[in-house]
Novice: 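Just passing along the structure, written as C-alpha cells.
Both counts, for ligands and for their atoms, begin at 1 and track the order of listing. Just so it is clear, the structure is predicted and the values come from calculations on it, not from any experiment. In what follows, every heavy atom counts, from backbone to side chain, and hydrogens, waters and symmetry copies are set aside. Position 1 is the first residue of the sequence, and the numbers go up from there.
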Amino acid sequence: MEDYAQPSAANLGGEIMKSRLLPQPMPPYIVEFPDVIGRIQQTGAFHGSPHGRPNHVILNEYLPGQGIMPHEDGPSYHPVVATLSLGSHAVFHYYAYKAGDGAQEGQETTAAMNGQGRPIDPAPVASVLLEPRSLIITTGALYVNHLHGIDEVEEDAFPAPGAAPGPSPAIANVGRLGSDATRRVVQDGGILRREARYSLTCRDVARVMSAAGLAVGLRR
Ligand SMILES: O=C(O)CCC(=O)C(=O)O
Ligand SMILES: [Fe+2]
C-alpha cells in the first residue's frame with residue numbers, strides 16, 4: 001500500500017546498491033557496547049551465513065500509527081534476519097501468498113497484493129508479539145516464501161476469551177512473553193498502546209563491494 005505510514009530508517013554498515021553492500025563502519029553501539037552484532041552472532045543463527053554474522057542493520061523508528069506493509073526481504077540477504085525491538089511492543093504478522101500463480105485478469109486488486117500484484121492471503125499464518133528488548137529470528141520458509149508486516153495502528157486490541165474474534169489473531173508466542181502484564185492483556189483481552197518503537201533489522205548481505213571494485217565503480 002502506498003499510503004502506509006512508513007517508519008524513518010537509517011542504514012548501518014553501509015548502503016545496498018544493486019544487491020551489493022557498499023560497506024561503511026558500524027557505529028560503536030552496534031559493534032562495541034552493547035555489541036548487538038556480537039550478541040546476535042552468539043545465538044548461532046548466522047553460523048551458515050556468508051560472513052558468519054550480520055554485516056548490515058536497518059534502524060527503523062515507528063511512531064504510534066506507523067507500520068510496515070507485508071513484504072519479503074528478498075535475495076540480496078542470506079535468508080536469516082534477526083530483529084531487535086526497543087521501546088514499544090509491536091505485533092508482527094507473517095503472511096502466505098494465495099495458492100495459484102498470482103494475479104489473474106479481472107481479479108480484485110486490493111491492498112493484499114505484493115508489489116508484483118501477487119495476491120496475499122490476508123489471514124496471517126502466524127502473529128508474534130514482539131516485546132521491547134526481544135529478538136526474533138526469521139529464517140527458512142518464513143524468509144523465502146512468506147511475507148511479514150506490522151499493522152499501522154496506534155494500539156493493538158486483544159479479544160477476551162469467548163468474545164467474538166477481534167481484529168487481532170492468536171499470538172503464537174503468548175506462552176513465552178517476558179512480561180506478565182502483557183501476557184494477561186493478550187490472554188484475557190485488552191489493549192496495548194503503541195509507543196515509539198526502534199527496531200534493528202540485522203542481516204548478512206552476501207555480496208560486498210571490495211575496495212578495488214569500489215574504486216573501479218567510482219572512476220566510472
Ligand atoms: O521493524 C521491523 O520490525 C521490521 C522491519 C522489516 O521488516 C525490514 O526492515 O525489512
Ligand atoms: Fe522485512
Novice: Which residue supplies the protein heavy atom nearest to atom 8 (C) of ligand 1, what is that atom called, and how far is it?
Specialist: H71 NE2, 3.8 Å
Novice: Going by heavy atoms, is R203 under 4.0 Å from ligand 1?
Specialist: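 Flag set, R203 near ligand 1.
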Novice: List ligand 1 atoms under 4.0 Å from I150, heavy atoms only on the residue side.
Specialist: 2 (C), 3 (O)
Novice: Out of all atoms in ligand 1, which are within 4.0 Å of some heavy atom of T83? Include the element for each.
Specialist: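 Numbered from 1, ligand 1 contributes 3 (O).
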Novice: Provide the number and element of each atom of ligand 1 under 4.0 Å from a heavy atom of H148.
Specialist: 7 (O)
Novice: Is R193 salt-bridged to E155, going by a charged N under 4.0 Å from an acidic O?
Specialist: yes
Novice: From L177 CG over to L130 CG, what is the distance, rounded to the nearest 0.5 angstrom?
Specialist: 10.0 Å
Novice: Can you confirm whether the side chains of S85 and R133 place a donor and an acceptor under 3.5 Å from each other?
Specialist: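 Side chains of S85 and R133: no pair found under 3.5 Å.
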Novice: Could you list the atoms of ligand 1 found under 4.0 angstrom from a heavy atom of D73?
Specialist: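 Answer for ligand 1: 10 (O).
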Novice: Nearest 0.5 Å please: distance from the CG atom of L135 over to the OG1 atom of T43.
Specialist: 6.5 Å
Novice: Run through the protein N/O/S atoms less than 2.8 Å from the Fe ion (ligand 2) and write them out by chain and number.
Specialist: H71 NE2, D73 OD1, H148 NE2
Novice: Considering only heavy atoms of N60, which atoms of ligand 1 have at least one such atom less than 4.0 Å away?
Specialist: 1 (O), 5 (C), 9 (O)
Novice: Considering the heavy atoms of F92, write down every atom of ligand 1 situated less than 4.0 Å from one of them.
Specialist: 3 (O), 4 (C)
Novice: Which ligand 1 atoms does R197 reach within 4.0 Å, using its non-hydrogen atoms?
Specialist: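 The list of qualifying atoms is 1 (O), 2 (C), 3 (O).
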Novice: In terms of residue, atom name and distance, what is the protein heavy atom nearest to atom 4 (C) of ligand 1?
Specialist: Y62 OH, 3.5 Å
Novice: For L130, state whether at least one heavy atom is located under 4.0 Å from any atom of ligand 1.
Specialist: no
Novice: May I ask you to decide whether R53 forms a salt bridge with D204, counting only side-chain N to carboxylate O separations under 4.0 Å?
Specialist: no
Novice: Within this structure, what is the OG-CZ distance for the pair S134 and R176, rounded to the nearest 0.5 Å?
Specialist: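 Those atoms lie 11.0 Å apart.
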Novice: S199 versus L84: any side-chain heavy-atom pair under 4.5 Å?
Specialist: no
Novice: Do the side-chain N and O atoms of H148 and H93 include a donor-acceptor pair separated by under 3.5 angstrom?
Specialist: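 There is no such pair (donor and acceptor under 3.5 Å, judged by atom type) between the side chains of H148 and H93.
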Novice: If we ignore angles and hydrogens, is there a donor and acceptor under 3.5 Å between the side chains of Y97 and E72?
Specialist: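 Yes, because at least one side-chain N or O of Y97 sits under 3.5 Å from a partner of the opposite role on E72.
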Novice: Show your reasoning for whether side-chain hydrogen bond (donor to acceptor under 3.5 Å, both in side chains) applies to S49 and Y77.
Specialist: CA-CA 9 Å; S49 87; Y77 302 105; over 6 Å; no
Novice: Hydrogens and angles aside, do S88 and Y198 bring a side-chain donor and acceptor to less than 3.5 Å of each other?
Specialist: no
